[in-house]
Amino acid sequence: MTDEPIIKFDKVVKRFGDLTVLNELDFEVKKGEKVSIIGPSGSGKSTVLRILMTLEDINGGVVTVGGEPLWHEKGPDGSLVPASEAHLRKMRTQLGMVFQQFNLFPHMTVLRNITEAPVRVLGLSKQEAKQRGEELLDLVGLADQARKYPHQLSGGQQQRVGIARALAMRPNILLFDEPTSALDPELVGEVLNVIGKLAEEHDLTMLLVTHEMRFAREISDRVCFFDQGRIREEGAPEDLFTDPNEERTREFLQAVLDN
Ligand SMILES: Nc1ncnc2c1ncn2[C@@H]1O[C@H](COP(=O)(O)OP(=O)(O)OP(=O)(O)O)[C@@H](O)[C@H]1O
Ligand SMILES: [Mg+2]
């Protein structure tokens, strides 16, 4: 981990109609840092990830990724102007995302799900993409499932394909949006194991939205408690989970840990 922020939200505002979801959010993640975001439903957790993935635009403030503005670029006079599609496309290659509902392509084999974007977007040869895809399937423990279709896999296996697919684009930053919430309880462990292994063995920057408090505590360098589109409290997991400063954090943790 270095001190340099790889992700920075500077007074970011996001509205959906009359609803202000992010209200001048300030948020930073350092290079190589593993950060978990926890918080009640509707507090803006997914919105933060979707903005980074360029799936949602912003209404105010500046988001920086790797030192460059994400939703803006420098105009001729040096001022920030809204980003072009080309700029967004370039910036997007730094990030990968794993979704709650896997979002695999149902009509493609497991291997093709992983090789499709590297071939189309990064311009890898089919051979190269296949070799890399097979290595990644091995990494997530699915080397023998390459030729199956998503519907022939369990939820936990599908999510591990989702992780391999995100890694295939060689992102510097990996985003997870409740990657285990759609899984049967007995399949949660295998997915958390893969994420834990990535966190331990790679210098990827990881931003994880999760309800798995024990796991967040194990893998995170820092935990952020979101409430109403702001960070209400953040800190090292051992502090935030055992002795939060804010009553609101305490209430939230009590509610989820009782569950
Ligand atoms: N495309 C959209 N159009 C309108 N409102 C939206 C849209 N996306 C999100 N919202 C609203 O923005 C707020 C924040 O949503 P977000 O998905 O970021 O919450 P969350 O913290 O991820 O919640 P959850 O824990 O339920 O996933 C919610 O009130 C949601 O209804
Ligand atoms: Mg969400």
Do Val63 and Pro69 have side chains that get closer than 4.5 Å, going by heavy atoms? no
For Asp177 and Ser46, test the side chains for any donor-to-acceptor distance below 3.5 angstrom and give the result as yes or no. yes
Counting only N and O atoms by type, is there a donor-acceptor contact under 3.5 Å from the side chain of Lys34 to the main-chain atoms of Leu207? no
Taking His211 for its side chain and Glu178 for its backbone only, find out whether a donor-acceptor pair lies under 3.5 Å. no
Any idea which heavy atoms bring Pro40 and Asp227 closest together, and the distance? CG-OD1, 3.7 Å
Can you hop from Leu167 to Leu52 via hydrophobic side chains spaced under 4.5 Å? no
How many angstroms lie between CD1 in Ile163 and CG in Leu137, if you round to the nearest 0.5 Å? 12.0 Å
Apply the test side-chain contact (heavy atoms from CB on, under 4.5 Å) to residues Val191 and Asn193: give CA-CA distance (whole Å), side-chain angles for both, the deciding distance (0.1 Å), then the verdict. CA-CA 5 Å; Val191 172; Asn193 279 342; over 6 Å; no
Say you draw a straight line from CZ of Phe241 to CG of Leu257; how long is it, rounded to the nearest 0.5 Å? 7.5 Å
Taking every heavy atom of Leu204 against every heavy atom of Asn172, the minimum-distance pair comes out as CD2-O, 3.6 Å
Do Glu190 and Arg160 sit within salt-bridge range, that is, some charged N less than 4.0 Å from a carboxylate O? yes
Around atom CG of Asp144, are there more than 12 heavy atoms from other residues, nucleotides or ligands closer than 6.0 Å? yes
Between Phe252 and Phe225, what is the ring plane arrangement, given parallel below 30°, perpendicular above 60°, and tilted in between? tilted
Check whether any side-chain N or O of Thr109 sits under 3.5 Å from a backbone N or O of Arg147 as a donor-acceptor pair, and report yes or no. no
Could you tell me which non-hydrogen atom of Ala216 sits nearest to which non-hydrogen atom of Thr210, and how far apart they are? CB-CG2, 3.9 Å
Glu251 atom CD, neighbour heavy-atom count above 12 within 6.0 Å: yes
Tell me whether Leu55 shares a hydrophobic cluster with Val65, the cluster being built from Ile, Leu, Val, Met, Phe, Trp, Tyr side chains joined at under 4.5 Å. yes
Taking C-beta and beyond as the side chain, do Leu142 and Val161 meet within less than 4.5 Å on heavy atoms? yes
Could Lys130 and Glu135 be called an ion pair, given the rule that one side-chain N must be under 4.0 Å from one carboxylate O? no
When rounded to the nearest 0.5 angstrom, what is the spacing between OG1 in Thr115 and CD in Glu128? 12.0 Å
Measuring from Lys14:NZ to Glu24:CD, what's the distance to the nearest 0.5 Å? 15.5 Å
Does the pair Arg50/Glu56 count as a salt bridge with the N-to-O cut at 4.0 Å? yes
Checking Glu234, Glu233, Gln254 against Thr249 for side-chain hydrogen bond (donor to acceptor under 3.5 Å, both in side chains), the one that qualifies is Glu233
Main chain of Tyr149, side chain of Gln152: is a donor-acceptor contact present, judged purely on distance under 3.5 Å? yes
Do Leu208 and Ile219 have side chains that get closer than 4.5 Å, going by heavy atoms? yes
Just verifying a value: how many Å separate Arg165 CZ and Arg112 CZ, rounded to the nearest 0.5 Å? 13.0 Å
Search all heavy atoms of Leu70 against all heavy atoms of Met91 and return the closest pair with its distance. CD1-CB, 3.6 Å
Are Trp71 and Asp57 side-chain neighbours, meaning at least one heavy-atom pair lies under 4.5 Å? yes
Tell me if a side-chain donor or acceptor on Ser79 pairs with a main-chain N or O of Gly75 at a distance below 3.5 Å. no
Is it true that Asp243 and Arg250 have a side-chain N and a carboxylate O under 4.0 angstrom from each other? yes
Please determine if Lys8 and Asp26 form a salt bridge, counting it only when a charged side-chain N lies under 4.0 Å from a carboxylate O. no
Classify the side-chain pair Ser84/Glu73 by whether it contains a donor and acceptor separated by less than 3.5 Å. yes
In the structure I gave you, are the side-chain heavy atoms of Val35 and Cys224 within less than 4.5 Å of one another anywhere? yes
If you measure from CD1 on Ile7 to CD on Glu28, what distance do you get to the nearest 0.5 Å? 10.5 Å
What is the minimum heavy-atom distance between His72 and Gly61, and which atoms define it? CE1-O, 3.3 Å
Any donor and acceptor pair, going by atom type alone, linking the side chain of Glu116 with main-chain N or O of Val121 inside 3.5 Å? no
Could you go through the salt bridge (charged side-chain N to carboxylate O under 4.0 Å, His left out) check for Lys31 and Asp203 one step at a time? CA-CA 8 Å; Lys31 195 153 178 265; Asp203 59 359; over 6 Å; no
Asn113 side chain to Leu104 backbone, donor-acceptor under 3.5 Å: no
Is Lys197 reaching over with its side chain to a backbone N or O of Leu139, donor-acceptor style, under 3.5 angstrom? yes
Assess, by modelled atom type and distance only, whether the side chains of Thr54 and Arg92 contain a donor and an acceptor separated by less than 3.5 Å. yes
Flag the pair Phe16 / Asn59 as yes when at least one side-chain heavy-atom distance between them is below 4.5 Å, and no otherwise. no
Does atom CG (Asp18) have a neighbourhood of more than 12 heavy atoms from anything else shown, all under 6.0 Å? no
Which one of Ile231, Ile51, Val62 satisfies the side-chain contact (heavy atoms from CB on, under 4.5 Å) criterion with Phe9? Ile51
Exercise: identify the closest heavy-atom pair between Ala166 and Val98: CB-CG2, 4.0 Å
Residue pair Gln94, Met169: steps toward the side-chain contact (heavy atoms from CB on, under 4.5 Å) verdict: CA-CA 8 Å; Gln94 299 180 63; Met169 294 296 282; over 6 Å; no
Quick one about Lys148 and Gln145 (side-chain donor to acceptor, distance below 3.5 Å, no hydrogens or angles considered), yes or no? yes
Treat each ILVMFWY residue as a node, draw an edge where side-chain heavy atoms are under 4.5 Å apart, and state whether Leu95 and Ile58 are in one component. yes
Quick one, Ile38 and Val209 - any side-chain contact, counting heavy atoms below 4.5 Å? no
Under the side-chain contact (heavy atoms from CB on, under 4.5 Å) rule, what do Leu22 and Thr47 come out as? Steps first, then yes or no, please. CA-CA 8 Å; Leu22 301 182; Thr47 301; 4.2 Å; yes
N/O donor-acceptor pair under 3.5 Å between Ser220 side chain and Arg217 backbone: no
Are Val194 and Phe215 connected in the hydrophobic side-chain network, where two residues link if heavy atoms are under 4.5 Å apart? yes
Same cluster for Ile37 and Ile6 if Ile/Leu/Val/Met/Phe/Trp/Tyr side chains link at under 4.5 Å? yes
pair Pro179-Ile195: side-chain heavy atoms closer than 4.5 Å: yes
Under the side-chain contact (heavy atoms from CB on, under 4.5 Å) rule, what do Leu192 and Thr180 come out as? Steps first, then yes or no, please. CA-CA 8 Å; Leu192 294 184; Thr180 59; 3.6 Å; yes
Would you check if the side chain of Lys45 reaches a backbone N or O of Gly39 as a donor-acceptor pair within less than 3.5 Å? yes
Would you say that more than 12 heavy atoms from the other residues, nucleotides or ligands in this model lie under 6.0 Å from the CD of Gln100, or not? yes
Within 6.0 Å of CZ in Arg214, more than 12 heavy atoms from elsewhere: no
